[in-house]
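What follows is a single structure, and I will ask about it in a moment.
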Amino acid sequence: MASKPGILTEWPWANLGNFKYLVLVPFVGHSIYSFLREGDIGYIAILPFLLFRFIHNQIWISLSRHRTAKGNNRIVDRSIEFDQVDRENSWDDQIIFNGLLYYIGYLRMEQVHHLPLWRTDGLIITALIHIGPVEFIYYWFHRALHHHFLYSRYHSHHHSSIVTQPISAFIHPFAEVASYYAIFAVPVIATEFTGTTSVATITLYVIFTDFMNNLGHCNFEVIPKWMFSLFPPLKYLIYTPSYHSLHHTQFRTNYSLFMPIYDYIFGTMDKSSDTLYEKSLEKKAEVPDVVHLTHLTTLQSIYHLRLGFSSLASKPHMTSSKWYLWLMWPVTLWSIVITWIYSHTFVIERNLFKDLKLQTWAIPKFRKQYFSQWQRKNINNLIKEAIMEADQKGVKVLSLGLLNQAKKLNKNGEIYIRKHPELKVNVVDGSSLVVAVVLNSIPKGTSQVVLQARRLSKVANTIALALCQRGIQVVTLDEEEYKRLKARLTPEAAANLVLSKSTCVSKTWLVDDGLCEDEQLKAPKGTLFIPYSPFPLKKVREDCFYFSTPAMICPKHLQNVDSCENWLPRRVMSASRIAGILHASEGWNEHECGDMMFDVDKVWKASLDHGFSPFTMSSAIEAKI
């Protein structure tokens, strides 16, 4: 929102929220009816074109987020936070507005029903009018928007985004966008008067403006230097991402739309434009200090990745799917095919923690694929390649994250460590901090807990040992679990391990995500389920409380946080991911994988010392609110 919102700042459908697309439904329905009755192709073609615009912009969003996370050719190094993501979630308003103009224009103007597909003369006229009147009018209109009266009421909303991403290009108050559309309508009106309008003229001009807007706000330099060397006057005819980026950081320079020539003519070209362009082209991919290795979860998790839909990525990924994502099953199916074909990790996020550079790498495999026998070798190779790549790049720590299925395959990375003792990168699974978080999530004064350990792990074993040593009674409901746990405990600790075959009265249950519905029903009313696995427990009880998977609240000095980590709330990070940060911050030069564990109290103290705070039940409830 602008600092002093003016007239027509709000979009007409702002109050509709996610239902704003309903304003197009009557026109879409009427176009389908007209097509079925009269075969009107032009009318029904408007909807596919709007979808194309959406896909085109989304491709730019994903590409920009991937490239800026890697760091090569990145222009501005400042961070993006959740407030910018929320402000820019309405980027598709201009597509809805475009659709309304097309539908209404088609119904009102009979002459557009019989447009030819192609007119070369119309394209030439459109290009010439854009170079002349459109660029000229926009330049002076843009300068007027920077006058304090209009800036505070309208344009300041757009300039709230100092670090831009492609969708920043479309974040303007309604009145401002309407004015832009009026300027861009000049070539269309001109070709209409000259009788040279065609379908290609209108659609290609819109695609051109979308492309250039996305290019100018993508925050990575993409235009090669050889283009300007081959044709030097090109620098006056096309801007670069770094050129427009200076307008967002300096505010009073580089006002041109797509052609810098008007900045040169009127003396508003930023003198550092060429220098920033050169520096951005030379910038290499960033070498992180800490890498967090994760993977896809559900089939629809691709849309919740930071490279996916920013609006979904900025909110916790709920176990229940959004209804509209089911409409995208062709894309979901294609993503499954891609995971079979593409076998290399990719960068999805970058963060900054004090002086540490952090990256998150994703393995292109869904969770279900980890249970497939014939995927075992492929997944092992992907993890091995990620560890080797991190080591070659000079990464200090690699944390394994969600790879709990992979732990069975390679013993938490221990196999790779034994095979390659020369590795300098420290492989960390975060088990010690997971245990510490779980222990500190148990309500004070608790004297008895139920530990469900269907898949006995070092985490479950360490939790049981720690609780028994603290004099807290640990109850198991399964005899096999009881025997396995007892065999791993010292005789003194085993005295507090109890087998209960009947209903247990304890209201604190420590569980993994394998706790089935029948087992949950055994818990008394008001039970607190605390998971120690990285995946959340399926909720089947309304009369019980389900705590978060092991996680902590991030300190303010963790920067560039603009997406949620799977199902966790904003600025809450999984314990396994935090463990990698702590490992590098403390300078611990040893692995934590296989059966290796750190001192739980030492790790917990380190997390608090570095600003991470416990994610309590009350904070979890507040996050949902």
Partners meeting salt bridge (Lys or Arg N to Asp or Glu O under 4.0 Å) with R350 (sequence neighbours left out):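 R350 satisfies salt bridge (Lys or Arg N to Asp or Glu O under 4.0 Å) with no other residue.
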
Set of salt bridge (Lys or Arg N to Asp or Glu O under 4.0 Å) partners for D93, sequence neighbours left out: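 For D93, the residues satisfying salt bridge (Lys or Arg N to Asp or Glu O under 4.0 Å) (neighbours in sequence not counted) are K20.
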
Check: S242/E221 side-chain N/O donor and acceptor closer than 3.5 Å: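 E221 and S242 do have a side-chain donor-acceptor pair below 3.5 Å.
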
Residues in side chain to side chain donor-acceptor pair (under 3.5 Å) contact with Y21, at least two apart in sequence or another chain: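 Residues passing side chain to side chain donor-acceptor pair (under 3.5 Å) with Y21: D92.
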
H158/H247 aromatic ring centres below 6.0 Å: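 Ring-ring flag for H158/H247: false, centres at least 6.0 Å apart.
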
Side-chain donor-acceptor pair present, S198, T201, cut-off under 3.5 Å: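 Yes, side-chain donor-acceptor contact under 3.5 Å.
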
Flag for E88-S310: side-chain donor and acceptor within less than 3.5 Å: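 Not at all, the side chains of S310 and E88 share no donor-acceptor pair under 3.5 Å.
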
W140 and F136 aromatic ring geometry - parallel, tilted or perpendicular at 30°/60° bounds: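 Rings of F136 and W140: perpendicular, over 60°.
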
Any pair counted as salt bridge (Lys or Arg N to Asp or Glu O under 4.0 Å), so long as it reaches residues 326-349, sequence neighbours left out: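 Residue pairs with at least one partner in residues 326-349: E349-R577.
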
Residue pair D263 / S256, side-chain donor-acceptor N/O under 3.5 Å: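 Yes, a side-chain donor-acceptor pair sits under 3.5 Å.
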
F251-H146 aromatic ring centre distance below 6.0 Å: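 No, ring centres 6.0 Å or more apart.
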
Distance, nearest 0.5 Å, that separates OG1 of T240 from OH of Y277: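 If I round to the nearest 0.5 Å, the distance is 7.0 Å.
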
Donor + acceptor pair across side chains of T332, Y303 (<3.5 Å):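 Yes, because at least one side-chain N or O of T332 sits under 3.5 Å from a partner of the opposite role on Y303.
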
Pair H30 and Y103, ring centroids less than 6.0 Å apart: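 No - the distance between ring centres of H30 and Y103 does not fall below the 6.0 Å cut-off.
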
Close side-chain approach of N73 and R67, heavy atoms under 4.5 Å: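 A side-chain contact under 4.5 Å exists here.
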
Can you list, pair by pair, the side-chain donor-acceptor contacts under 3.5 Å of residues 169-188, counting residues two or more places apart and other chains?
unit_1, atom_1, unit_2, atom_2, d
H172, ND1, E176, OE2, 2.9
H172, NE2, A169, O, 3.0
E176, OE2, H155, ND1, 2.7
E176, OE2, Y180, OH, 2.6
S179, OG, A175, O, 2.9
Y181, OH, Q94, O, 3.0

Side-chain donor-acceptor contact under 3.5 Å, Y139 with T268: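 Y139 vs T268: donor-acceptor pair found between side chains.
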
Nearest atoms (heavy-atom pairs only) where T68 meets N219: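 Looks like CG2-O, 3.6 Å.
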
Shortest non-hydrogen contact between S62 and G308, atoms and distance: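 Smallest interatomic distance, heavy atoms only, reads OG-O, 4.3 Å.
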
Residue pairs, two or more places apart or on separate chains, that pass salt bridge (Lys or Arg N to Asp or Glu O under 4.0 Å) and touch residues 32-54: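 Of all non-adjacent pairs touching residues 32-54, those that pass salt bridge (Lys or Arg N to Asp or Glu O under 4.0 Å) are R53-D210.
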
Nearest heavy-atom neighbours spanning K235 and P260: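 Where K235 meets P260 most closely, the heavy atoms are O-CG, 3.4 Å.
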
For L257 against Y239, the heavy-atom pair lying closest together: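 The answer is O-CE1, 3.1 Å.
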
Distance-minimising heavy-atom pair for I223 and L281: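 Taking I223 first and L281 second, the nearest heavy atoms are O-CD2, 3.7 Å.
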
Sub-6.0 Å ring centroid separation between W60 and F211: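 Yes, the ring of W60 comes within the 6.0 Å limit of the ring of F211, centre to centre.
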
is_close_aromatic(F258, F208), centroid dist under 6.0 Å: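 Yes, ring centres under 6.0 Å apart.
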
Heavy-atom pair of closest approach, residues V112 and M109: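 Here V112 and M109 meet closest at CG2-O, 3.0 Å.
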
Aromatic centroids of Y255 and F266 separated by under 6.0 Å: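 Ring centres of Y255 and F266 not closer than 6.0 Å.
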
